[in-house]
Amino acid sequence: MAILYQDGNRLVRKQDGEKLWIEPWGKNALRVRATFMAEMPEETWALLGEASADVKIEINEDGSASVSNGNVTAMLSPGGALKFVKKNGDLVLEEQWYTRAPGGFSTVSSLEIKAREFRPILGGDYELNMRFEPQDEKIFGMGQYQDGCLDKKGCELELAHRNSQASVPFYLSTNGYGFLWNNPGIGHVTFAKNKTEWSLVSTKILDYWICVSDDPSEIMSAYADATGHSPMMPNYGMGFWQCKLRYRTQEELMAVAREHKRRGLPMDVIVSDFFHWPYQGDWRFDPLDYPDPDAMVKELKELGIELMVSIWPFVDVKSENYQEMKEKGYLIRVDRGVPYSADFCGNILCYDATNPEARDFVWSVAKKNYYDKGIKIFWLDEAEPEYKIYDFDLYRYHLGPNVQIGNLFPLMYARNFFEGMQAEGQQNPLNLLRCAWAGSQRYGALVWSGDIDTTFRTLREQFAAGLSMAMAGIPWWTTDIGGFHGGDQEDPDYRELLIRWFQFGAFCPVFRLHGNRLHGEPSTNESKADTGGPNEVWSYGEEAYEILKQYLFLREDMKPYIEKTMQDVHEEGAIVMSPLWYSFPTDKAAAENEDEYMFGKDVLVAPVMELGLRQRPVYLPEGETWIEASTGKEYQGGQTITADAPLSVIPVFVKKGADVSISIKA
């Protein structure tokens, strides 16, 4: 018989070496942990401190028990199986046990497969498999994967980061629950027809959080309470951001900023991208290319533009900081083979963002060379971090082996600069990163979708990636408008792609033009990358320019609406862009839709993601009257219409009575 007892607000079960804890963790939510270690590990990982909750615990003589917190009840069988039900008794989620009794709630099997399976690693910790019974559900979230799938049901996902892939293991289910896999280890999850299975290569603990509500926005709010709210987005984050692969010199960058203002075009941020430095890890301007950064920042501020500079976490062996960082243990360690993590424009190692002393060192250098010059926004690139070889067992951090904690890196990288900026008195820091993990939003992380291709297929994949990031609790997201790898400014088909992507970008949380276009200048310095071709709004011909200009000013006109949306994100844990189901959870047709989204609470966007398309079907959710932004026509919800979409028009519809006015000219 297992040992069961109540410890404060926590139910504890012990049997055959396993310790199982179930406890309230915020509104309508429970945290579940299990381990075979001598003591339960104390790390909270993505979660913040335990929130107060009204918990009810029952322990029965037959060895069963239950823990209730608001809408959710965890029921524990005498054999140790768990299932979660709503207040009305409806099943939400159930562990999958294939064992002889005692075991699960209903299945008796000779397979002898436990739901919570800890497999000892020789001389080490445990390989973990956690299995749940399949549900008839759609799954939204899980971060950013380049698979084009908005509904992740039926998908198998790697729990690991790569360039353009961000594993953020939180999702919302159409069955009325949200689920966080609260473990930063490397592994996989499979949302299969016959089971849901979470697997880790190496860990000490099983740890997950579940929240139950029939209102998706209530779950998202509880998740933000549990993992942290985004700061309020600063005003400059809501307008237009301009960049290309890199502006090689200070004068080249300033010429673009001045030309924008000469033309009367809005611009809030301009970027000095990578290799403005002498060597990776110097974290300072190269005086040969940027001779007077102070004057550059001063003039940009007078123009109403913020300068964002690129920070890479890599340190070249030739860097002025390499030797000190190596000696003090501030760099990640390579367990086997060549002692470098990559060789891009030099032999480089990544700094260890999980080491607080390393974070202090990096911030001290960046503060001296950037922040003290008036630079208040950073592009924290390579945030996975990117490896030359994605063998995750090669690398080791201050907090442990990469296979156990590697997915924490982007969160700690964001934390590094966020806390440094806060310590200087800056309110609401915002920094751009190429990756995230659960909780990154609390450190002002704006995530973009990495080095992606320049095709309509890729645009469709970014549509799904952006919505999946939002549903994983990362509300600030953007993409390289036009894609990253290539793009011929003179190609009519590419110009059309850029226009359609620009229209989509105007209705993303951050509106940002970037890419490595053709016809650039090759680098003559082996320690520096090429510059990429022109990528300004006037670089794609007169027809494109006039259309792009319309959306620059449309974004400016939407700023009051965007600001109110960002207040909701900060205060309520709302998200900026969401699948239709999120706003209309009782509308079955909305749940099936996978090519439209809501921008804020009142604006429906139906992007054009196919070459040559000039009309498209648009489903308008029931219960609202919708106004078409390009025609002013009114439509009753609950129907599918055919919307015209000439090259200058992205179909957009606004709820009648909403406090936002959008006009798009055909």
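Note that the coordinates shown come from a computational prediction; the quantities given were computed from them, not determined experimentally.
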Do [X] and [Y] come close enough that some side-chain heavy atom pair is under 4.5 Å?
| X | Y | result |
| --- | --- | --- |
| Met577 | Val605 | no |
| Ile139 | Asp151 | yes |
| Asn182 | Trp209 | no |
| Phe409 | Trp437 | no |
| Met598 | Phe584 | yes |
| Met233 | Val510 | yes |
| Tyr387 | Ile332 | yes |
| Thr479 | Trp501 | yes |

Closest non-hydrogen atom pair between [X] and [Y], with its separation:
| X | Y | value |
| --- | --- | --- |
| Met469 | Val447 | CE-CG1, 3.6 Å |
| Asn9 | Ile57 | O-CD1, 3.6 Å |
| Glu61 | Met1 | O-CE, 4.5 Å |
| Ala353 | Met412 | O-CB, 3.3 Å |
| Ser440 | Ala445 | O-CB, 3.4 Å |
| Leu411 | Gly439 | CD1-C, 3.7 Å |

If you count the non-hydrogen atoms of other residues, nucleotides and ligands that lie under 6.0 Å from [atom1] in [X], is the total more than 12?
| X | atom1 | answer |
| --- | --- | --- |
| Lys114 | NZ | no |
| Glu39 | CD | no |
| Arg336 | CZ | yes |
| Asp136 | CG | no |
| Asn88 | CG | yes |

Strictly under 6.0 Å, is that where the ring centroids of [X] and [Y] end up?
| X | Y | result |
| --- | --- | --- |
| Phe132 | Tyr208 | yes |
| Phe179 | Trp198 | yes |
| Tyr223 | Phe170 | yes |

(Q) Can you tell me which residue among Asn71, Asp214, Asn175 is in a side chain to side chain donor-acceptor pair (under 3.5 Å) with Lys86? (A) Asp214

Please check: side-chain N/O of [X] versus main-chain N/O of [Y], any donor-acceptor pairing under 3.5 Å?
| X | Y | value |
| --- | --- | --- |
| Gln165 | Ala160 | yes |
| His161 | Asn407 | yes |
| Asp207 | Arg33 | no |
| Glu156 | Glu158 | no |
| Glu94 | Lys83 | no |
| Glu572 | Ser221 | no |
| Lys152 | Cys149 | yes |
| Asp352 | His398 | yes |
| Asp391 | Asp393 | no |
| Thr35 | Lys19 | no |

Would you say the side-chain atoms of [X] and [Y] include a donor-acceptor pair closer than 3.5 Å?
| X | Y | value |
| --- | --- | --- |
| Gln144 | Trp477 | yes |
| Glu624 | Gln636 | no |
| Thr190 | Glu197 | no |
| Asp62 | Asn60 | no |

Salt bridge between [X] and [Y], side-chain N to carboxylate O under 4.0 Å?
| X | Y | value |
| --- | --- | --- |
| Glu117 | Arg131 | yes |
| Arg616 | Asp595 | yes |
| Lys138 | Glu592 | yes |
| Glu23 | Arg10 | yes |
| Glu384 | Arg162 | no |
| Lys601 | Asp568 | yes |

Q: Show your working on side chain to side chain contact (heavy atoms under 4.5 Å, CB included) between Val32 and Leu82 and close with a plain yes or no.
A: CA-CA 10 Å; Val32 177; Leu82 271 172; 3.9 Å; yes

(Q) Apply side chain to side chain contact (heavy atoms under 4.5 Å, CB included) to residues Met37 and Ile205 and explain how you reach the verdict. (A) CA-CA 8 Å; Met37 307 302 290; Ile205 187 173; over 6 Å; no

Which value, rounded to the nearest 0.5 Å, describes the distance between [X] atom [atom1] and [Y] atom [atom2]?
| X | Y | atom1 | atom2 | answer |
| --- | --- | --- | --- | --- |
| Glu461 | Asp147 | CD | CG | 7.5 Å |
| Ile405 | Trp45 | CD1 | CH2 | 6.5 Å |
| Ile219 | Tyr177 | CD1 | OH | 10.0 Å |
| Met40 | Leu20 | CE | CG | 7.0 Å |
| Arg31 | Thr44 | CZ | OG1 | 6.5 Å |
| Gln404 | Arg396 | CD | CZ | 8.5 Å |

Q) Between Tyr390 and Tyr395, is a ring pair (Phe, Tyr, Trp, His ring centres under 6.0 Å) present by the stated rule, with each step listed? A) CA-CA 10 Å; Tyr390 279 108; Tyr395 311 105; 8.8 Å; no

Q: Walk me through it: do Asp480 and Ser449 pass the test side chain to side chain contact (heavy atoms under 4.5 Å, CB included)?
A: CA-CA 7 Å; Asp480 291 352; Ser449 57; 6.0 Å; no

Q) When you look at Ser66 and Thr73, which way does the side-chain hydrogen bond (donor to acceptor under 3.5 Å, both in side chains) test go after all the steps? A) CA-CA 7 Å; Ser66 64; Thr73 295; over 6 Å; no

Q) Could you walk me through whether Tyr582 and Met471 pass the side chain to side chain contact (heavy atoms under 4.5 Å, CB included) check? A) CA-CA 9 Å; Tyr582 182 84; Met471 295 294 276; 3.7 Å; yes

Q: Determine the sole option in Tyr619, Phe140, Tyr597 for which the ring-ring contact (aromatic ring centres under 6.0 Å, His included) test with Trp581 is passed.
A: Phe140

